[in-house]
Amino acid sequence: MSTDKQPSIISILPLLIFVGIFLWSGIYFNNFYSIPSPLIALAGVVVALLIYKSTLKEKIQIFFTGAGNSNVLAMCVISLLAGGFSFVTKASGSVDSIVNLGTYYISPAYLPLGVFLVSSFLSFATGTSVGTIMTLGTIVIDLATQSQSNISLVGACLLSGAMFGDNLSLISDTTITSTQTMGAEMSDKMKANSKIAIPAAILTMIILIFIGNSDVQPAVSKATADFDVVLILPYIAVVVLSLLGVNVFASLFTGIIFAGTLGIIYGKFDFLGFTTNVYEGFMSMSEVFLLFFFTGGLATLVEYFGGIRFLMNGIQKYIKSYKTALLGIGALVSSANLCVANNTVSILIVSKISRKISTKFNIAPRNGASVLDIFSCYVQGIIPYGAQVLGLIYLSKNTINYPELVLYAVYLHLLLLLTLGYIIFRSKKTLLEK
């Protein structure tokens, strides 16, 4: 959707206000979630409804079209199910058992590295970063808490691993979207992408070994062996179902029923207690649910009234060569991602202009697709209002510090640096069509 009018700085103003309030409140109160984030998003929506030139009825209709988008609603439902799974597994004793198992067999000093490896494998196998974070988040956070680890560091390792698969997996939405829009074969894109992503992952593992887990107290390195393998089965079931390609909705729902059944059998709660825990889990994610809803509507308003096109027009002026073309494609998708907070949608938004730029400068489709995917995943992984960061923050009950989370997201920063190096220093023959 778009209007025929020439976009101006006004078209991007609601988004700038949303991001500006978010940053200001975080810096001023030393807490990026001091003001409820849905209210900040709502402020951006109100500004959009006031300044955009159209009837109020039409603007509200556009807002609800975006808020009711299938991708937005999918994230909302995933967050609810993740909250329900978290509360039921906690009440049934599954979380305590797997935390005790993990801290007993895994040295806390290697917890960050282990989390990065496990989340990288799961996200690559399933192709979803949000699903990976929601699947592993509760357990990882509890493991970090019980072992007195730096929770922001461990959370960053989960975030980094989740984005590894989101970027590289053949079944990831971003891989499918970027290859289809750029006319590239998925296998070719994966080969080109892996030349950057795998070295970044290896360097990350080396850095995590040297960083270690300096905050761990020696006294907790030997944890209790008090765990019940049966109570761990619901979590294993969710992971296995995810690896088998079962839809994240079905796997989380199965996990809730499985954990609830065990909780009733073990006498942790009765049926009414089970339903209460599920509902309380849903309610615990109400804030992130509302944020997804409001930002979905805000993003659609900004796009409809020319905000994305305004950014595109500004970036295209600086594209003069095949290298600046690749950098320009990265800047385009990054700007779109800042607006819509969804890496798949941001790729779709800039797909037509990106393909035109790629064709004009004879850039190999595999490289254009890789740049689209990498830059969108990098921005998605660090913005404070993205589904991945929000999921981690809320699952940790705000114990994860956002600036530290971004600082410790080593893999993401290495991925960006290696991509820039690849574009700037690789030969013309490598970057262009043969």
Side-chain angles (χ1 to χ4, degrees), residues 109-125 127-129 132-133 136 140 149-169 172 174-175 178 189-214 323 326-327 329-331 333-334 337-338 343 346-347 366-384 386 388-389 392 400-426 430-431:
Y110 296 104
L111 181 60
L113 175 61
V115 168
F116 175 71
L117 289 172
V118 172
S119 58
S120 294
F121 174 73
L122 181 59
S123 63
F124 182 79
T128 167
S129 55
T132 298
I133 288 172
L136 298 176
V140 165
S149 303
N150 184 324
I151 194 167
S152 296
L153 169 62
V154 176
C157 292
L158 173 55
L159 173 65
S160 296
M163 299 313 296
F164 171 85
D166 197 322
N167 169 227
L168 198 58
S169 174
S172 166
T174 56
T175 294
S178 62
K189 182 263 184 187
M190 182 179 176
K191 291 175 184 176
N193 211 69
S194 63
K195 293 177 181 178
I196 302 171
I198 292 178
I202 293 172
L203 286 173
T204 298
M205 288 186 282
I206 294 172
I207 291 172
L208 289 176
I209 291 173
F210 279 99
I211 290 178
N213 216 352
S214 57
K323 290 189 177 181
L326 281 170
L327 293 172
I329 290 173
V333 75
S334 297
N337 212 134
L338 284 170
N343 44 350
S346 66
I347 291 172
R366 62 180 181 275
N367 291 320
S370 294
V371 167
L372 272 177
D373 202 338
I374 289 171
F375 276 84
S376 66
C377 284
Y378 176 78
V379 173
Q380 184 66 27
I382 65 171
I383 53 176
Q388 291 77 3
V389 171
L392 275 172
I400 289 179
N401 180 275
Y402 171 69
E404 287 187 2
L405 180 70
V406 173
L407 176 66
Y408 287 130
V410 177
Y411 168 75
L412 288 173
H413 305 315
L414 287 174
L415 182 67
L416 178 64
L417 290 174
L418 290 179
T419 303
L420 293 174
Y422 185 86
I423 293 172
I424 295 170
F425 297 111
R426 292 291 288 183
T430 303
L431 295 175

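This chain uses plain numbering: 1 for the first residue, then up along the sequence.
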Q: State the OG-CG distance between Ser376 and Asn167, to the nearest 0.5 angstrom.
A: 7.5 Å
Q) How far does CG of Leu158 sit from OG of Ser123, to the nearest 0.5 angstrom? A) 9.0 Å
Q) Quick one: are Ile196 and Ser370 in side-chain contact, heavy atoms under 4.5 Å? A) no
Q) In Å, rounded to the nearest 0.5 Å, how long is the span from OH of Tyr408 to CD1 of Ile207? A) 13.0 Å
Q | Working for side-chain contact (heavy atoms from CB on, under 4.5 Å), residues Lys191 and Arg366 | A | CA-CA 9 Å; Lys191 291 175 184 176; Arg366 62 180 181 275; over 6 Å; no
**Q.** Heavy-atom closest contact (Ser149 atom, Val154 atom, distance)
**A.** CB-CG2, 4.0 Å
**Q.** Ser346 to Asn343 - nearest heavy-atom pair and separation
**A.** OG-O, 2.7 Å
Q) With Thr174, which residues qualify under side-chain hydrogen bond (donor to acceptor under 3.5 Å, both in side chains), at least two apart? A) Asp166, Ser172, Asp373
Q: Please examine the side chains of Ile383 and Val389, heavy atoms only from C-beta on, and report whether any two atoms are closer than 4.5 Å.
A: no
(Q) Can you give me the closest heavy-atom contact between Ser178 and Thr175, atom names plus distance? (A) OG-O, 3.2 Å
Q: Check Thr132, Ile133, Val115 against Leu159 for a side chain to side chain contact (heavy atoms under 4.5 Å, CB included) and give me the one that passes.
A: Ile133
Q: Check Ser119 against Cys157 and note the closest heavy-atom contact, atom names and distance.
A: OG-O, 3.6 Å
List the atom pairs, with distances to 0.1 Å, where a side-chain N or O of residues 409-416 and a protein N or O form a donor-acceptor pair under 3.5 Å, not counting sequence neighbours.
| residue | atom | partner | partner atom | Å |
| --- | --- | --- | --- | --- |
| His413 | ND1 | Tyr378 | OH | 3.1 |
| His413 | NE2 | Val406 | O | 2.6 |

Q. Nearest heavy-atom pair of Ala192 and Asn367: which atoms, and what distance?
A. CB-OD1, 4.0 Å
Q | Residue pair Phe375 / Val333: nearest heavy atoms and the distance that separates them | A | CB-CG1, 3.6 Å
Q) Rounded to the nearest 0.5 Å, what separation is found between the CG atom of Leu208 and the OH atom of Tyr110? A) 12.0 Å
Q) Taking atom OG of Ser334 and atom CD1 of Ile374, what is their separation to the nearest 0.5 Å? A) 11.0 Å
Q) CD1 of Ile382 to CG of Asn337: how many Å apart, nearest 0.5 Å? A) 9.5 Å
